[in-house]
Colleague: 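My questions all concern the structure below.
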There are 2 protein chains.
Amino acid sequence: MTAQSEEPGRKRDAAATRQALLDAAAKLFAERGFDRTTVRDIAKLAGVNQSLLFRYFGSKEALFEAVIARSGREQLAATPAERLFSTSLRSMLDPAGQPNRALETYLRSSGSDGVAATIRHEVGREYAGVLATLTDAPDAELRADLALAWLMGIALVREISGLEPLAGADPDDICRLVLAATKTLLERSE
Amino acid sequence: MTAQSEEPGRKRDAAATRQALLDAAAKLFAERGFDRTTVRDIAKLAGVNQSLLFRYFGSKEALFEAVIARSGREQLAATPAERLFSTSLRSMLDPAGQPNRALETYLRSSGSDGVAATIRHEVGREYAGVLATLTDAPDAELRADLALAWLMGIALVREISGLEPLAGADPDDICRLVLAATKTLLERSE
DNA sequence: CAGCGTTGTAAGCAGACGCTTACAACGCTA
DNA sequence: TAGCGTTGTAAGCGTCTGCTTACAACGCTG
């Protein structure tokens, strides 16, 4: 646990290797989900030997947990509640250059079980918890779950199924329709 | 291609074996999706040797195609357009004893590619096409896609993620909220 | 500089996967 | 009843999976 040099051009840098694995895993888990990402792919993208993945993280599931723990709460912490829905919607509609891919990872790992399922559950609960603060209806949490479900469904049908015209539609048009419909769900009564 | 005896208690009955494989595959594909269902599981549930699966269907993908082709268009043919959304919604909310699991299969196979992806695409297009007849808005098809996306998202979050309170909510409550919100999407301008 | 923990590499293990092959048992027809 | 196509079985092929092991290279500390 001594101080580590930060200069580039290094070899034998455990911290850099860990980070490379984390970055590679975040990218691949978001693109393919947990099951369809192999430890060999992650190690190859990170440019390191695959056995190091197990040395530093113990298992593929533990790596997944580390990835989600890092990226999952970033958007929640960075986005005010009243903008979370539209921000997340736009984030999923615009695949390019989005730094936060927590929901994408969530979606593409929806078939997995084990620890991956547990983590998915927690991420979903946190998003829904924030969305629930947007309405004062007695069933606020159910409404929030339904809104989140729509988000996931749109991303599912658009990015995974490629259903037209949704897949090629203008994000603005989608936002307009969805936000109009969710007004009855998430607005305050006052 | 001669006539086949239909009496029970038979052995060496190719038609019955084919049907057993089809039934077993339909059940498992709906429950686990394409990738997570193995040909060994299908053959075991059908009570036949797994090599017969390849004799009668050629490949796992071809079996999937046969399953979808059979069950996919049943609900579409049996349900009038104006009831398709609520019927499908209730069908997905009530997992027990539902004869039609086309959308469930669609959902749980969302991670697969290859022929499975193509078939998914077609099933989605057919559902959306019917839903699009419910509104006379110029962007009717986009609205239909969004409605279908909500269906899929609700099923995803409810049955796969198990997010509460959605997962344990009364189907009636869900239907009420969702149908109220989709009124702005799918109603006619009369 | 000797010793030793740390970082990295190469090879391989056991199991699961889709699919194929070789062959046995059955039953129709000539 | 002899022949032959059909139905079913058992075994295994090649590949991929997550994960482990054995070992080499490095660099700090005594």
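Lettering of chains follows the sequences in order, A, B, ..., and the numbering in each one begins at 1. As a basis for the values below, the full set of heavy atoms in this structure was taken, side chains included, without hydrogen atoms, waters or symmetry mates.
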Colleague: Can you tell which of B:Leu103, B:Thr182, B:Val178 makes a side chain to side chain contact (heavy atoms under 4.5 Å, CB included) with B:Leu151?
Modeller: B:Leu103
Colleague: Is there a side-chain contact between B:Thr17 and the phosphate of D:dT7, meaning an N or O under 4.0 Å from OP1 or OP2?
Modeller: no
Colleague: Do A:Asp113 and A:Arg120 meet the salt-bridge criterion of a basic N to acidic O distance under 4.0 Å?
Modeller: no
Colleague: What nucleic acid atoms does A:Phe57 come within less than 4.0 Å of, heavy atoms only: base, sugar-phosphate, or nothing?
Modeller: nothing
Colleague: Under the 3.5 angstrom rule, does the side chain of A:Ser110 hit a backbone N or O of A:Leu107 as a donor-acceptor pair?
Modeller: yes
Colleague: B:Asn49 has an atom CG; how far is it from atom C1' of D:dA10, in whole Å?
Modeller: 7 Å
Colleague: Between C:dT9, C:dC19, D:dA10, spot the one nearest the side chain of B:Ser51, thanks.
Modeller: D:dA10
Colleague: Which whole-number value in Å describes the distance from B:Leu52 CG to C:dG18 C1'?
Modeller: 15 Å
Colleague: Does some side-chain heavy atom of B:Arg101 sit less than 4.5 Å from a side-chain heavy atom of B:Glu31?
Modeller: yes
Colleague: Whole Å only: how far is the CG atom of B:Leu53 from the C1' atom of C:dT21?
Modeller: 16 Å
Colleague: Filter on ring-ring contact (aromatic ring centres under 6.0 Å, His included), then keep only pairs touching residues 141-163 of chain B, sequence neighbours left out; what's left?
Modeller: A:Trp150-B:Trp150
Colleague: If the plane angle is over 60° it's perpendicular, under 30° parallel, otherwise tilted; pick one for B:Phe29 and B:Phe34.
Modeller: parallel
Colleague: Given atom CZ of A:Phe29 and atom P of D:dG18, what is their separation to the nearest angstrom?
Modeller: 9 Å
Colleague: Determine the contact category for B:Ser59: base if any of its heavy atoms lies under 4.0 Å from a base atom, sugar-phosphate if only primed atoms, P, OP1 or OP2 are that close, otherwise nothing.
Modeller: sugar-phosphate
Colleague: Taking protein heavy atoms under 4.0 Å as touching, what does nucleotides 12-17 of chain D look like 5' to 3' if B marks base contact, S marks sugar-phosphate-only contact and - marks none?
Modeller: B----B
Colleague: Is A:Arg125 atom CZ crowded by more than 12 heavy atoms from other residues, nucleotides or ligands, each under 6.0 Å away?
Modeller: no
Colleague: How close or far is atom C1' of D:dT7 from atom CZ of B:Phe54, stated in whole angstroms?
Modeller: 17 Å
Colleague: Among the candidates D:dT20, C:dG8, D:dT9, find the nucleotide nearest to the side-chain atoms of B:Arg55.
Modeller: D:dT9
Colleague: Rounding to an integer number of Å, can you tell me how far B:Lys44 NZ sits from C:dC17 P?
Modeller: 11 Å
